[in-house]
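Only heavy atoms go into these numbers, but all of them, side chains included; no hydrogens, no water, no symmetry mates.
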Amino acid sequence: MLSQLIKLPTNAKVGVVGGGVSGLTFTYFLGKLRPDVQITLFNLESRPGGWINSWDTKDKNGKPVMIERGPRTFRGVSDGTVMIMDTMLEMNKGDIMRTISKDSSADKKFIVDPNDNLVQVPNSFGTMIKFFMSPLSKGLIPGMIMEWSRKTVDPKIKDESVLSLMTRRYGCANIGRNLFSALYRGIYADDVGNLSAQKVVGKMYYDERKYGSITKGSWERWRQSKFKQDEEPNKLTECVALYAKVFNKDTAKIHALSKKLSQFPMLGLKGGLSQFPNTFKEAISTLPNFATLTDNVVTLKQTKDKVSLEYENAKTKKDSQEFDHVRLAIAPNMFSKMIKKSNPNLFKKLDTIKTNTVVLVNLYIPDKDIIPSSKNGFGYLIPETNKNPEKVLGVIFDSVIEKNFKPFNTIENDTDTITNTSYTKLTAMVGGSMFNDSNGIQHDIPNEQEAISNVKSALQKHLGASKVDLDAGQWIYTVAQDCLPQFKVGYNDLIKDIEKDIINDYSSRVSIGGMGFSKGPGLPDVVTDALVDATKLQ
Ligand SMILES: Cc1cc2nc3c(=O)[nH]c(=O)nc-3n(C[C@H](O)[C@H](O)[C@H](O)COP(=O)(O)OP(=O)(O)OC[C@H]3O[C@@H](n4cnc5c(N)ncnc54)[C@H](O)[C@@H]3O)c2cc1C
Ligand SMILES: C=Cc1c2[nH]c(c1C)Cc1[nH]c(c(CCC(=O)O)c1C)Cc1[nH]c(c(C)c1CCC(=O)O)Cc1[nH]c(c(C)c1C=C)C2
């Protein structure tokens, strides 16, 4: 998201690089706002969706089964989620929208303690007592009680790691290395000792600076939000209000949708999350001035008062086009490759953003549920305090999620309810920063055989699964190479510096999107970012 973008001239030409949800939604929003603008979407792959990859295959009995080889859900409370769901409804896709409610067993999360026991993250009084009695809560009670009174940060410190902030606030490293280590491995695939507090726990970072403590800050924010809620109960957030305005939406309907979505911790789509990019791809193909070029490697060049994209693929010779504006909806590491020769200074800055690789190992057992009923939940995460020789970040219980999915729209003849419940579908996510050396440089990615063997060992330890059952399952191995940027200490300032260079070097004719540059790494974050920037160009 760039601060200053210039309004596009009539019949402008825009190039969008990246066919993930960031590029797709940006293209859709801009194409709807400015039907006169000619948009060309470039993508390395012919498949839309980027990291979203719902894979339709067959099980050992020849029955069709969908395996998620990337994201599978997204959070219900977010501006981006309102825009995604409103657009899906507009395209008559309401019937594939699925929800997980707060009281659903699929909303339970577990953390593995140092003795390989799964402990539920508290969501009730009973689970809170159990959590406080586990080794995972060492130091938590005194840490929280005295947090408000602890010395605040030295104002000279611009940014620090999540672990450093947590240790200062809670008086010991245990809380950071247990609870927060698990949570942030489950989002960033990285360790709290590496992650930027300003970027990752922004609210806590600013609360300590503004109010002197996290407790005081949370209280103040709760009080102010309560006051705002009472004063203006039907107020839309700034981004959703912008979305409603530019697309002439019925604000009462958008508010009702936003309110309904906020009941659900997470949402999904029947048939897999790929339905989301596929729907947007379908929608943009109907735009009056749209073209797409796939299987192309793209590089960026600055010409006098335009920007040009050079592209080539195995079949076609090198070609190029000039544009009034280029949108880069790609990760920082892909952006740096695009300008290595044409802009060495910017390349050097982008190239300091290293990445984490996650290996996904899916297991499907068509005729047995090996997830103990007491552990039915979204899945579990493994914090730094567990030895974890298998380097598993966490395991998502896809079959529990699927069995607890409820239609978003009430459907009369609900044919959706899953009849066969005795199956297992789960996804282990392996590696992330655990594949890196102390400088954050990637090393040993396990091959398919090693990764599957490690996950089998972890599932036997954590779920008590039998080797016979595991060996009988169908295993799928996916390497999500460089899939998540490393959001290291100082990340926000680095991005601000990079954005300044982009504005100067390309005279505001280039904008950037995607999870490395948006507010957060989630699907809703990149969609919000796409909407805001598309409206700046209209
Ligand atoms: C393992 C994993 C699990 C996740 N789970 C969740 C989750 O549960 N919930 C959630 O909200 N988010 C989740 N996310 C984050 C989510 O996947 C991202 O927010 C989202 O996919 C980012 O979309 P994007 O379009 O920004 O980038 P991408 O999906 O990376 O898409 C970028 C596209 O650009 C293409 N491209 C790159 N360089 C070029 C080039 N030079 N020329 C042409 N094309 C190019 C790529 O091929 C790709 O198709 C997860 C991410 C990962 C990696
Ligand atoms: C174990 C590794 C990972 C798991 N998911 C991811 C990793 C690296 C990646 C990821 N997961 C989520 C996001 C978006 C975050 C956001 O800001 O919306 C990303 C980048 C979603 C997510 N992950 C967890 C929760 C509770 C959420 C939010 C709900 C949602 O958006 O669906 C925690 C969590 N992640 C994993 C597990 C097993 C787990 C909890 C048990 C897998």
(message) Would Gln321 and Tyr311 count as a side chain to side chain donor-acceptor pair (under 3.5 Å) here? Give the steps.
(response) CA-CA 9 Å; Gln321 282 188 46; Tyr311 49 94; 3.2 Å; yes
Heavy-atom distance under 4.5 Å between the side chains of [X] and [Y], does that happen here?
{"X": "Val16", "Y": "Phe42", "value": "no"}
{"X": "Pro485", "Y": "Lys354", "value": "no"}
{"X": "Ile254", "Y": "Leu236", "value": "yes"}
{"X": "Asp207", "Y": "Lys210", "value": "no"}
{"X": "Thr355", "Y": "Leu484", "value": "no"}
{"X": "Tyr28", "Y": "Met91", "value": "yes"}
{"X": "Ile476", "Y": "Val361", "value": "no"}

Would you check if there is a donor-acceptor pair between the side chains of [Y] and [X] at a distance under 3.5 Å?
{"X": "Asp159", "Y": "Ser196", "answer": "yes"}
{"X": "Gln481", "Y": "Thr357", "answer": "yes"}
{"X": "Asn436", "Y": "Asn356", "answer": "yes"}
{"X": "Asn343", "Y": "Asp505", "answer": "yes"}

When you measure from the side chain of [X] to the backbone of [Y], do you find a donor-acceptor pair of N or O atoms at a distance under 3.5 Å?
{"X": "Thr27", "Y": "Gly23", "value": "yes"}
{"X": "Tyr491", "Y": "Gln486", "value": "no"}
{"X": "Glu220", "Y": "Tyr211", "value": "no"}
{"X": "Ser104", "Y": "Ile100", "value": "no"}
{"X": "Thr25", "Y": "Leu531", "value": "no"}
{"X": "Asn43", "Y": "Ser46", "value": "no"}
{"X": "Asp250", "Y": "Ala252", "value": "yes"}
{"X": "Lys425", "Y": "Val400", "value": "no"}

(message) Set out, in order, the CA-CA distance, both residues' side-chain angles and the distance that settles side-chain contact (heavy atoms from CB on, under 4.5 Å) for Phe435 and Val358, then state yes or no.
(response) CA-CA 9 Å; Phe435 288 153; Val358 173; over 6 Å; no
Between [X] and [Y], which heavy-atom pair has the shortest distance, and what is it?
{"X": "Ile495", "Y": "Ile353", "answer": "CD1-CD1, 3.9 Å"}
{"X": "Lys102", "Y": "Asp107", "answer": "O-OD2, 3.7 Å"}
{"X": "Thr352", "Y": "Lys349", "answer": "OG1-O, 2.5 Å"}
{"X": "Ser22", "Y": "Ala530", "answer": "O-CB, 3.9 Å"}
{"X": "Asn278", "Y": "Pro48", "answer": "OD1-CG, 3.6 Å"}
{"X": "Val526", "Y": "Ser518", "answer": "CG1-OG, 3.5 Å"}

(request) Over 60° means perpendicular and under 30° means parallel, so classify the ring planes of Phe29 and Tyr243, tilted if in between. (result) perpendicular
(message) Would you call the rings of Tyr184 and Tyr188 parallel, tilted or perpendicular, taking 30° and 60° as the class edges?
(response) tilted
Using 4.0 Å as the upper bound for N to carboxylate O, is an ion pair formed by [Y] and [X]?
{"X": "Lys536", "Y": "Asp533", "value": "yes"}
{"X": "Lys301", "Y": "Glu310", "value": "yes"}
{"X": "Glu282", "Y": "Lys93", "value": "yes"}
{"X": "Asp86", "Y": "Lys249", "value": "yes"}
{"X": "Glu499", "Y": "Lys496", "value": "no"}
{"X": "Lys519", "Y": "Asp529", "value": "no"}
{"X": "Glu90", "Y": "Lys32", "value": "yes"}

(request) Kindly state each residue pair satisfying salt bridge (Lys or Arg N to Asp or Glu O under 4.0 Å) with at least one member in residues 191-206, sequence neighbours excluded. (result) Arg185-Asp191
(message) For residues 254-269, which residue pairs pass the salt bridge (Lys or Arg N to Asp or Glu O under 4.0 Å) check, not counting sequence neighbours?
(response) none
(request) Would you please indicate yes or no on a ring centroid separation below 6.0 angstrom for Phe378 and Phe397? (result) no
(request) Show the numbers, then the answer: is there a side-chain contact (heavy atoms from CB on, under 4.5 Å) between Val82 and Leu257? (result) CA-CA 7 Å; Val82 176; Leu257 175 65; 4.2 Å; yes
(message) Would you say that more than 12 heavy atoms from the other residues, nucleotides or ligands in this model lie under 6.0 Å from the NZ of Lys7, or not?
(response) yes
(message) With a sphere of 6.0 Å drawn around NZ of Lys109, does it hold more than 12 non-hydrogen atoms of other residues, nucleotides or ligands?
(response) yes
(message) Can you tell me how far apart CD1 (Ile396) and CG (Asn362) are? Round to the nearest 0.5 Å.
(response) 9.5 Å
(message) With rounding to the nearest 0.5 angstrom, report the OG1 to CG distance, Thr10 to Asp36.
(response) 6.0 Å
(request) Report the residue from Leu393, Val162, Leu195 that forms a side-chain contact (heavy atoms from CB on, under 4.5 Å) with Asp190. (result) Leu195
(request) Could you name each residue pair satisfying side-chain hydrogen bond (donor to acceptor under 3.5 Å, both in side chains) that touches residues 64-82, not counting sequence neighbours? (result) Ser54-Glu68, Arg69-Thr478, Arg72-Asp398, Arg72-Thr427, Arg75-Asp525, Asp79-Thr237
